[in-house]
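All remarks here apply to the structure that follows.
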Number of protein chains: 2
Amino acid sequence: MTAGSPDTTPDGALPRPRGGRMPRRERRVQLLESALEVFVAQGYHAAAMDDIAERAGVSKPVLYQHFPGKLDLYLALLDASCDTIIDGCREALASTTDNKDRVAATMKVFYSYVASEEGAFRLVFESDLTSEPDVRERVDRVTIECASMIADVIRTDTGLPDEASELLAVSLVGMAQVSARFWLAGGGGITQDDAAALIAGLAWRGIRGYPMTDDH
Amino acid sequence: MTAGSPDTTPDGALPRPRGGRMPRRERRVQLLESALEVFVAQGYHAAAMDDIAERAGVSKPVLYQHFPGKLDLYLALLDASCDTIIDGCREALASTTDNKDRVAATMKVFYSYVASEEGAFRLVFESDLTSEPDVRERVDRVTIECASMIADVIRTDTGLPDEASELLAVSLVGMAQVSARFWLAGGGGITQDDAAALIAGLAWRGIRGYPMTDDH
DNA sequence: CTGCACGCCGATCTTGACCTCCACGATGTT
DNA sequence: AACATCGTGGAGGTCAAGATCGGCGTGCAG
């Protein structure tokens, strides 16, 4: 009549063994990993601190000895994920000077980001805490920063005005993120590389012919 | 030094006068309007039923005499907003047989939707209740339905396989919705028509040359 | 004039989630 | 080998927000 095995959780994610103590630094990263898994699977609001602690195989007070509160924990993970995509985008743009390759490389970065095992992209593209200004600011900053870097290229290579360059760049980012998310949700009808290449082709055909450009 | 007038709320939205009774049907639509304003301004979680009732100038029990719960109220508004954009998208696609015009018309629909006074698009594109399956299903359905209609055109006019057509269509939808949202947030640097035309141009240049098409 | 029905409001209950207090056991020292 | 110490664990407080009950005022039929 009691629960059969106390090691099984309702949703199938088994907590780590209640192993003994651990160096502080190591414990911290383990807590971050556990928190990421829970936030990704359940969203911010549905995720309880109890869930995160249980997932890590510790009790709640230790969680609060490492992070002052739920929001701080979330922001730490969110910041890391934001940096991942922004840095990846920057590196892709810097990896070549051929704009067609730039588009392809950047698209690949978005697809890799979305496909990454941990699912951290959900914190950025599917956050359920957008009413919190700190979160909203970071989420928006991802699109704005990525778009801004792309807009620089567009502006210098085409001479379009600032606002138009920014809007075009935002469009490309939107195309990348939305298509990547739905490619992932669609299950593997198309391989990651094929999908990225297909959308990169669409983006490049759209952007390549812009007004002018005396560079070739 | 005390608050000047008790009619002013912190966020500047003034509640309707505590006017007397009202026919039931009329009261219902008024409650829906008030709820939309609050949900748009604050998001689902931050919006309290007290806020909605106060905004409507009634007390909470009245709200519960019209809607069984917070989620039902939200879903009613969400459904209406989903239908608005899906129907608009369908009509835009049916409004002409020239694909260039189709792209322009559809883009215009997205920009109008986002620019509409009530801001109902936020329930769809910026929902903070995606952990709720009922909400998730409706939000995803907007992109999927719009993309599906566009994919039909792409597939029949180019002969591309289903998966590729769908992914291209999703990309165009993503471009439209993300760029429209950031155009709105950017404040009026570009007029609505100019922005829609600019992005429509980008989309059309991208999609027009696809593999084949014996129609001209 | 009087009784009735209807819709509305103030005040309250309860749930659930974030956040801390008292006992236990493992480790390093003498 | 015995003791002090520090980290760990379970149980509990607080509070916000969704959801609900007895009284009140108003308009109408008789």
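Naming convention: chains lettered A, B, ... in sequence-line order (proteins, then strands); numbering from 1 in each chain.
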Just by modelled atom types, is the A:Leu77 backbone N or O under 3.5 Å from a matching donor or acceptor in the A:Ser81 side chain? no
Heavy atoms from C-beta onward define the side chain here; which of C:dC8, D:dG18, C:dC19 lies closest to that of B:Ala48? D:dG18
Rounded to the nearest Å, what distance is computed from the CG atom of residue B:Leu31 to the C1' atom of nucleotide C:dG7? 13 Å
Given C:dC9, D:dT8, D:dA19, the nucleotide with the shortest approach to the side chain of A:Val62: D:dT8
Atom NE2 of B:His45 and atom P of C:dA17: how far apart are they, to the nearest Å? 12 Å
From the options C:dT20, C:dG10, D:dG18, select the nucleotide whose nearest atom is closest to the side chain of B:Pro61. C:dG10
Whether the side chain of A:Arg55 engages the backbone of A:Ser34 through a donor-acceptor N/O pair (distance < 3.5 Å, no angle test) should be reported. no
Rounded distance (Å) that lies between atom P of D:dG12 and atom CG of A:Asp50: 15 Å
Measure CG/B:Leu63 against P/C:dG10 and give the value in whole Å, please. 14 Å
Sidechain-backbone polar pair: A:Lys70 side chain, A:Ala47 backbone, donor-acceptor under 3.5 Å: yes
Side-chain donor/acceptor of B:Arg155 to backbone N/O of B:Ser165, under 3.5 Å: no
Determine yes or no for a side-chain-to-main-chain donor-acceptor pair under 3.5 angstrom, with B:Asp51 supplying the side chain and B:Val38 the backbone. no
Atom CE of B:Met49 and atom C1' of D:dA17: how far apart are they, to the nearest Å? 10 Å
Regarding A:Arg181 and A:Glu126, does a basic nitrogen lie under 4.0 Å from an acidic carboxylate oxygen? yes
Is A:Arg27 close enough to D:dG7 that one of its side-chain N or O atoms is under 4.0 Å from OP1 or OP2 there? no
A:Ser148 side-chain N/O to A:Glu145 backbone N/O, donor-acceptor pair under 3.5 Å: no
If we ignore hydrogens and angles and just use 3.5 Å, is the side chain of B:Gln192 paired with the main-chain N or O of B:Ala115 as donor and acceptor? no
Go through D:dG10, D:dG18, C:dC9 for me and flag the one nearest to the A:Ser59 side chain. D:dG10
Check whether any side-chain N or O of A:Thr156 sits under 3.5 Å from a backbone N or O of A:Val153 as a donor-acceptor pair, and report yes or no. yes
Shortest side-chain distance from A:Lys60, nucleotide among D:dG9, C:dT20, D:dA19: C:dT20
Just to confirm, is there a sub-4.0 Å distance from OP1 or OP2 of C:dC19 to any side-chain nitrogen or oxygen of A:Tyr64? yes
Donor-acceptor check, side chain of B:Asp128 to backbone of B:Gly43, threshold 3.5 angstrom: yes or no? no
Between P on D:dA19 and CD1 on B:Ile52, what's the gap in Å once rounded to a whole number? 11 Å
Using the C1' atoms of five pairs at each end, what's the angle between the two axes of the helix from C:dC1-D:dG30 to C:dT30-D:dA1, to 10 degrees? 20°
From CG of B:Asp51 over to P of D:dA16, roughly how many Å is that when rounded to an integer? 14 Å
Which residues in residues 65-73 of chain A have a heavy atom closer than 4.0 Å to any atom of DNA chain C? A:Gly69, A:Lys70
Under 4.0 Å, counting only non-hydrogen atoms across every strand here, what does A:Ala46 touch: a base, just sugar-phosphate, or nothing? nothing
